[in-house]
Amino acid sequence: MNLKAELNQKQYIAASTIDGPLLIIAGAGSGKTRVITFRIAHMLEMGIPQSQILALTFTNKAAREMAERVRELTGKKLPQLTVSTFHAFGVKVLRDTISSIGYKDNFSIYDTVDQISLLKESAREIRFDMEDENPQNILGIFSRIKTKRGDWDEVTSYYQGLYASYQRHLKLYNAVDFDDLIMLPIHILDTHPEILNRYTERYRYIMVDEFQDTSMGQYRFMKLLADGSRNICVVGDDDQSIYSWRGANYENIISFERDYPELKEVKLEQNYRSTETILEAANTLIANNTNRKGKQLWTGTKSMNKIEIAYPANERDEAQFIAEQIKGIHMRDSIKFGEFGVLIRTNTLSRAIEELFLMENIPYKMSGGTSFYQRKEIKDMICYMRILANPEDDVSLLRILNVPRRGIGARTLEQLRSLADMHDWSLHTAIQAAVYATDSPFSERAKTDLRSFLQLIEAFRPKILSPRKIASTLKELTDAIDYWEYLLQEHPKDEKIPTWKWRNIEIFIQSIEDYEKNPDNMNPSLFNYLNRISLTTKDEPDDDEGKVNLMTIHSAKGLEHEVVFLAGVESHIIPHARAIEDDPANIEEERRLFYVAITRAKQRLIMTSCRSRKVLREEMECLPSPFLEELPQHLLQETEAAADVEAAEATDYFQLLRKKLGGV
DNA sequence: GGAAGCGTACTTTTT
DNA sequence: GTACGCTTCC
């Protein structure tokens, strides 16, 4: 491997500097992934054992891609190389060490939906009134407390008791939430020097991708691991920091410079992705942000196309326009469907577009959004699996206790809950007591129903825990509970729905089977499988090369496409009205978001801004995004959105628009 | 006491 | 479109 021939001079320095702290500022499209993969390959070539290398990323997609590229480059399987997201690495650490803080290693991981159920349970027990409360808000407060981003204040103190209850229940259910995946490992490493030592001895070379998106917790986690060797390389771009709402703190770049004063810094500014037009637009836009490290991207790629903007009448016409453009460009310029990206600010904007893609037979895939695993029928299956893995997991138990209907209703549940609350038991323990205790106050009928539920769990638990028996046991379980009959019963009007849902379950079971049969999988246990799917939002593998990529701007980060459509470029969507409401200073993050969207495009960028859009049933007038005014107008070109607009209406509109854009 | 049926309020971004 | 809560039915 000849690094010098493969990389430009800056890239070469970044890839060949492997000892000591290194800060790489990598602009959009500057070949960052290439540098990282070459850097790892170079380390391996220098004789560093793969087990000593740890690469941390932010998303599963990035992790998967990085691992794949290193394998391709080296032609080796590298089973001991660790490339993972922060959260997945947290799980790995917890699996090995969580017993040191009194949890069991079969812990469940709660996603947002589970967290809300847990919150409601916690509130119920301490008789906290949840009327007029927004669970998401409360969870936001809890998250800030847990990750030490904030402290209790006059407003939030009100929830302190609820937080204590929430935490107590997590532990009682042997469960952790997403924040725990970062904070608990930190706690363990902080308080157990011998465990910390084990990790710092093992991982001698650490790399962190998308560093601008790391939270304070993730930074501490990284620092704990890295302080043994101080061979720590972080790669980031402050202009692409778009996760501050989740605690990302791009000031970590400053902390890094402070904590590792001996660091070397490399700035990658040559862009290999986009045309001059697109880069000039992006540079001009982002220069409006005040809080940034200066950076100017440049490229040698000449432009053929201006940035296009169309103003469709409504979201239907917008979808129509995008579909037609894609078809046209696909045919005329023979650009594969897989080279198109359609970017949206919010998941809800996908609906109209998806509908038209289906109608026009345009193959597409939507990444992000409600994941496969969040679908009701799949979530039911997962909760059964979680109960089998961890019977104390009340959140999962509550979900499936009466699914399918087995006669356990509100009254029985209430009795169970008071029994559990009284003794600080999980519901599972309470059920056992209800069934087997001699002085049980439960009705004979309730006891019979509960007993058969317990027997079901007891029968299937050893089965599903035996090696490579997850898929087959789950199949058996769905038959035993007659889930098909349940689906029919729940949807009596339309047999299409049960058929569709049953099909999803079959797909799910098949994917488990694939997981179990994969020879590269050293330890395909139920726990590992559950942990894995808790951390991935996506449907199973996305090897569909020939499909248009429809996704949110957030999930588009790190990707690139020949032709990029940016839909819904309207004043309340980007910048999002809600974000600005929260804090007007959020405009800078929204601008970065727009910047990320623009810089995904290699050849062509086509934006659409609807004149009206249906929001929650109601038709709403829309104005173009103010960010459009910030782009150099000579780079823009208006494209007629073919639509049945009345001419007069259109003229009025364009006058309004010119006024707005021209400031006259 | 449990199941089924109807009305209402909410969708910013994700591990 | 959907998920939850409240009411009525069996």
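Reminder, nothing fancy here: chain letters follow the sequence lines and each chain counts from 1. Only heavy atoms go into these numbers, but all of them, side chains included; no hydrogens, no water, no symmetry mates.
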| What pairs of residues pass the salt bridge (charged side-chain N to carboxylate O under 4.0 Å, His left out) test when at least one of them lies in residues 82-91 of chain A, not counting sequence neighbours? | none
| field | Under the ring-ring contact (aromatic ring centres under 6.0 Å, His included) test, residues paired with A:F86 that sit two or more places apart | value | none
| task | List in chain and number order the residues that pass side-chain hydrogen bond (donor to acceptor under 3.5 Å, both in side chains) with A:Y515, two or more places apart in sequence or in another chain; answer none if no residue qualifies. | result | none
| query | Which part of the nucleic acid, if any, lies within contact of A:F58, taking any heavy atom under 4.0 Å across all strands shown: a base, the sugar-phosphate backbone alone, or nothing? | reply | sugar-phosphate
| With A:D421, which residues qualify under salt bridge (Lys or Arg N to Asp or Glu O under 4.0 Å), at least two apart? | A:R124
| message | Just to verify, what does A:R411 make a side-chain hydrogen bond (donor to acceptor under 3.5 Å, both in side chains) with, not counting sequence neighbours? | response | none
| said: Taking ring-ring contact (aromatic ring centres under 6.0 Å, His included) as the definition, give me every residue that meets it alongside A:Y163, ordered by chain and number, with sequence neighbours left out. | reply: A:F142, A:W152
| request: Between protein and nucleotides 4-10 of chain C, map the contacts as a letter string: B base, S sugar-phosphate only, - none, heavy atoms under 4.0 Å, written 5' to 3'. | output: -------
| note | So the salt bridge (charged side-chain N to carboxylate O under 4.0 Å, His left out) pairs with at least one residue in residues 82-91 of chain A (sequence neighbours excluded) are none
Please tabulate the protein-to-nucleotide N/O contacts below 3.5 Å involving nucleotides 1-7 of chain B, giving atom names and distances.
unit_1 : atom_1 : unit_2 : atom_2 : d
B:dG1  : OP1    : A:R411 : NH1    : 3.3
B:dG1  : OP2    : A:R411 : NH1    : 3.4
B:dG2  : OP1    : A:G409 : N      : 3.2
B:dG2  : OP1    : A:T412 : OG1    : 2.5
B:dG2  : OP2    : A:A410 : N      : 3.4
B:dG2  : OP2    : A:R411 : N      : 2.9
B:dA3  : OP1    : A:G407 : N      : 3.3
B:dA3  : OP2    : A:N402 : ND2    : 3.0
B:dA4  : OP1    : A:Q489 : NE2    : 3.4
B:dA4  : OP2    : A:R405 : NE     : 2.9

| How does DNA chain C look in dot-bracket notation if pairs are Watson-Crick or G-U with both distances under 3.5 Å, crossing ones as [ ], other-strand ones as |? | .|||||||||
| Listed partners of A:F627 passing ring-ring contact (aromatic ring centres under 6.0 Å, His included), at least two apart | A:F594
| message | Holding to ring-ring contact (aromatic ring centres under 6.0 Å, His included), I want the full list of residues that pass it with A:H169, two or more places apart in sequence or in another chain. | response | A:Y173
